[in-house]
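Worksheet: the structure to be examined is printed underneath.
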Amino acid sequence: MNLEESGIDLNILLVSVPWQNLNRPSLGLGILAQMAKQAHPSVNCRTLYLNIKWFEYLSEHMDLTFTASDYSDISEELFDIGGGDFVFSSSLHKTDEWQSSRYAELMGDRGDLTEKLMTAHRLAPRFIDEAADAIVQMGFDVIGLSSVFSQNVACLALAQALKDKSPQIKIIMGGANCDGVQGTALHKSYDFLDYVASGEGESTFPAFLDYLAGNRPVTDIPGLCWRENGMSGYNPPAPLPPGSELVRPDYDEYFDQVEKSSRSDIIRPELVMESSRGCWWGQKHHCTFCGLNGAGMAFRNKDADTMLEELIDLVAKHQVLDVVMADNIISMEYFRSFLPRLAERDWDIRLHYEVKANLKRDQLALLRDAGVNIIQPGIESVSTRLLGLMRKGVSGPRNVALLRDCEAFDLTVQWYLLTGFPGETSDDFLSFERYASAMSHLQPPRTALRISLERFSPYFDDLSLGFQNRRHASHYDLIYDLPDEALTDIAYLFDTDNQGISDKKLTELRDLIDSWHKHYQAGSRLTQTEIDGETVICDERAGWEHRAYGLPDSIHAYAYRCLDQPLGTDALLDALSGHDPDMTKESVLQILSYFEENGLVFCDDGHYLALATLETRTQKRMAA
Amino acid sequence: MTNNLSSQTTRKNGILDRLGHARALELSQSVRLTAADVVAMTFAQMKSLRTQGIWKLILDTDVSLDGENALSNAEFLAIICMLRDATRLGLRVDWRLGDVPEHVLPHLCHLTPPDTSSSPDNDLLSRPQPFSFGQFFWKKGPDFAIVIDRRIPGKNHKFVISGEDALTTFLRLADGRPHIGTADLDRESMETLERAGIVLRLGTRSIIVPYRLSHPPVPSYAIENI
Ligand code: SF4
């Protein structure tokens, strides 16, 4: 890029629209801001966190009754029915009451959240109008809008208002909602979008700046949709950037704007960082329901030195110790490189990482020592058969082993019980139902969910996997005013025939999970301790008799130790025969039945796993 | 003290037969401490108790600053340090609160709570909310420390300690045992920390009152971000 020679000053404003998480800067915009800074001093690139202004606006107009959790409920909990997008549809369509009654019907009974959402829907046109006025006043030539999750309609509404007020402003929109055909459909449907960028910004953005400076033709910007003289075109994307080219984000303006916000008292900033993109598991076995990654599945990670340096710099600069890693899955190489070096630091950082479920104890210990507190391991189920249908590459008992070991290492696990897979039956939940009460000392799923049909997932791409009938989800009809073909291309979520268990069964599972939560919160514990060479079980699970007792004999104790990892009866017989040559299948079954009666094991698909945690969870004991 | 501790944690042989599983388990996981033990105990020793499977400390003395069983300032502050570090490590402590001046009580209400069964009148009645983890703690980052004070419901005070003088003073005070004297501390920083209720000073000894939060208990989202 050669901006210096062109001598042109570029004034670019990047805008983070609602419903970007209030506590987190936008990773995408942080990366663009950094790239603009690196490009040349003649690029004046600023970032506006309009989502924070929106939160202030709602707080002010709803007498402070609109809370941060209302904000996140609309953006996250209502994502599957497009709650956040619906709010700004009134502005996009320039009608305060746009589809209000039909949308309220779709929402069903959500308590006062419905009323707050409808109030926000009425306030959105004025907010966008005022925001567009203010932005035009700032005098920027180019406005960059980032759209992920529930940000599409806020981006569109703002882009339209800006163009109405100042037709010469150039508008570019990008982000995950513009991946592939979604981007071209948005560009075709809304002519106030001058450009739409698909794919990762590392190659597109510098080329776009170069183009703005007059040093490159528009046809030479990878992944860009453009319009010229009434003609629209689309350039194919560039190859994905390797890990070494992933840019570190610049979050200065986020922290500055949070500090100046009238609601800074309730915003709790976290850092968002990425150590990799893509998914090394999905590259080999794309989980059937997963629509993450779009065209960027190829796994690429930053080298450990670079990552550590970035982390140190950003944590020190912003004095924030809560860090969310945006990775889809941690690089296994990091267990040898990045994490041990992080563990050497005497810091109290709190990291959130997505990981693969089949981690061993030493890997969990390393995660904890490195400051990882929250993991998202994609557990999804405890049924080996269902996990096979999902192509998760892990068994049900292995997932339970992870829950057990995370309990011992004080690692918080975030997981959902997923249902609704083609080929799924009620029987696939038998082990979950049967052992839920025995697992009440382990972290429960947040709730049970029916999977959505997501664009880019194998279920979406391959009709033979079971979801033959599909149509864009019905909420898109209420939010947009576009023909079906355009909506089909813009949509990320699709309605389809329910697969697997009935809704009634789903409700029963949710009820079971609710009682698991209650038992867990009551301080349930099940531990095993060695005293005098004897295995002593201490059972303090809600719903079970509270007692401490020894396993009947050394063979039971040995069998229990063997079940530290999932074993079938034959494998257990083999293991025990080494200990006692007189062992028979019958005696193994008797031992297992003792464990079953006392709620000491989980079993699925003929594989048993010991449930008692090896170490005492002292903090939980204290809290209880 | 070290001998006392190690004999308590290794003398287990035969206890299952003698005491039964429940009592044996409790004994094998708890350690009894005198005030002298606490004065001599280091943070590293406390941490190693935790890794040996100990989860309960039983304090043999009332925690008083007044009356006939009054502890010396040195003993009292050492015990508060122990309670603070036990809270950090997730160790439960059986302890009884005796006579303590009113102005000292707010410095105790974020710590693992005292046993109220034997001294119900002496519970931390001034405690503005029930004990929960994460009310008053500090965290260490590169070249800074953050103290979070949520002892008063609805309030969230955040103090960032940075700059060489302030940070050195804070870390010296936070270093396990009560700090003696003030000669090696920055006076201005010390005064600010005291005013904010982060430092408790009795006589010539001072301690940092909040515990260090290195790894929050599960589920960690129960503790809000800082
Ligand atoms: S669900 Fe997770 S592991 Fe599976 S393909 Fe998607 S990102 Fe990868």
Side-chain angles (χ1 to χ4, degrees), chain A residues 23 265-270 311-313 315-322 324 345-350 352 368-369 371-374 406-414 443 520-521 527 529-534 536-538 546-550 614-624, chain B residues 12-29 49-51 53-56 86-93 112-113 131-134 137-146 155-156 158 160-162 212-226:
Chain A
N23 296 332
D265 55 329
I266 52 169
I267 298 176
R268 308 255 187 274
E270 300 172 324
L311 187 68
I312 294 171
D313 285 356
V315 166
K317 182 174 198 181
H318 300 296
Q319 299 183 325
V320 164
L321 289 160
D322 291 294
V324 178
R345 311 253 152 188
D346 181 30
W347 300 346
D348 304 318
I349 203 163
R350 174 157 80 164
H352 178 153
R368 183 202 50 197
D369 293 346
V372 176
N373 282 179
I374 302 177
C406 283
E407 202 63 15
F409 286 107
D410 276 328
L411 286 167
T412 296
V413 185
Q414 290 187 339
Q443 295 171 63
Y520 181 76
Q521 279 154 15
T527 58
T529 312
E530 291 285 309
I531 302 179
D532 275 4
E534 193 179 313
V536 177
I537 301 290
C538 180
H546 285 202
R547 63 194 177 119
Y549 59 99
L614 272 180
E615 296 177 31
T616 47
R617 271 271 320 284
T618 50
Q619 287 172 321
K620 184 173 163 191
R621 194 195 284 260
M622 185 182 70
Chain B
K12 291 177 189 166
N13 283 355
I15 61 172
L16 283 177
D17 294 338
R18 280 187 284 117
L19 302 171
H21 291 90
R23 184 80 185 113
L25 191 63
E26 195 186 337
L27 273 186
S28 74
Q29 294 178 337
L49 289 177
R50 167 85 156 80
T51 48
I54 300 293
W55 66 271
K56 189 158 86 173
T87 311
R88 166 185 178 183
L89 293 169
L91 290 161
R92 190 134 126 193
V93 186
T112 180
F131 169 79
S132 69
F133 204 74
F137 59 89
W138 70 275
K139 287 182 140 209
K140 187 168 177 234
D143 302 326
F144 68 92
I146 296 173
K155 295 266 183 262
N156 181 62
K158 175 176 172 176
V160 179
I161 299 160
S162 55
R212 184 170 174 184
L213 184 65
S214 298
H215 194 91
V218 169
S220 72
Y221 42 78
I223 298 174
E224 269 187 84
N225 291 344
I226 57 171

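- One distance of note links NE2 of A/His318 with CZ of B/Phe144; it measures 11.0 Å at 0.5 Å rounding.
- Heavy atoms from other residues, nucleotides or ligands lying under 6.0 Å from CG of B/Asp143 number 12 at most.
- Under the salt bridge (Lys or Arg N to Asp or Glu O under 4.0 Å) criterion, A/Glu534 pairs with no residue at all, not counting sequence neighbours.
- For chain A, the option among B/Gly141, B/Ala145, B/Ala22 with the highest count of heavy-atom pairs below 4.5 Å is B/Gly141.
- Listed options A/Ala548, A/Gly533, A/Gly371 were ranked by heavy-atom pairs under 4.5 angstrom with chain B; first place goes to A/Ala548.
- The structure places CD1 of A/Ile349 at 12.5 Å from OG of B/Ser214, a figure rounded to the nearest 0.5 Å.
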For A/Asp346 and B/Arg212: C-alpha separation, side-chain torsions, deciding distance, then whether salt bridge (Lys or Arg N to Asp or Glu O under 4.0 Å) applies.
CA-CA 12 Å; A/Asp346 181 30; B/Arg212 184 170 174 184; 2.9 Å; yes
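- The structure places CD of B/Gln29 at 7.0 Å from SG of A/Cys538, a figure rounded to the nearest 0.5 Å.
- Taking the salt bridge (Lys or Arg N to Asp or Glu O under 4.0 Å) definition, one finds that A/Arg345 meets it with nothing, sequence neighbours left out.
- Nearest heavy-atom pair across B/Trp138 and A/Asp348 is O-OD2, 4.3 Å.
- To the nearest 0.5 Å, atoms OG1 (A/Thr412) and NE2 (B/His215) are separated by 7.0 Å.
- In this structure, the separation between CZ on A/Arg268 and CG on B/Asn156 is 4.0 Å, given to the nearest 0.5 Å.
- Only the side chain of B/Ser162 has a heavy atom closer than 4.5 Å to any heavy atom of chain A.
- For chain B, the option among A/Val320, A/Val536, A/Ile537 with the highest count of heavy-atom pairs below 4.5 Å is A/Val536.
- Expressed to the nearest 0.5 Å, how far NE2 of B/His21 lies from OG1 of A/Thr529 amounts to 11.0 Å.
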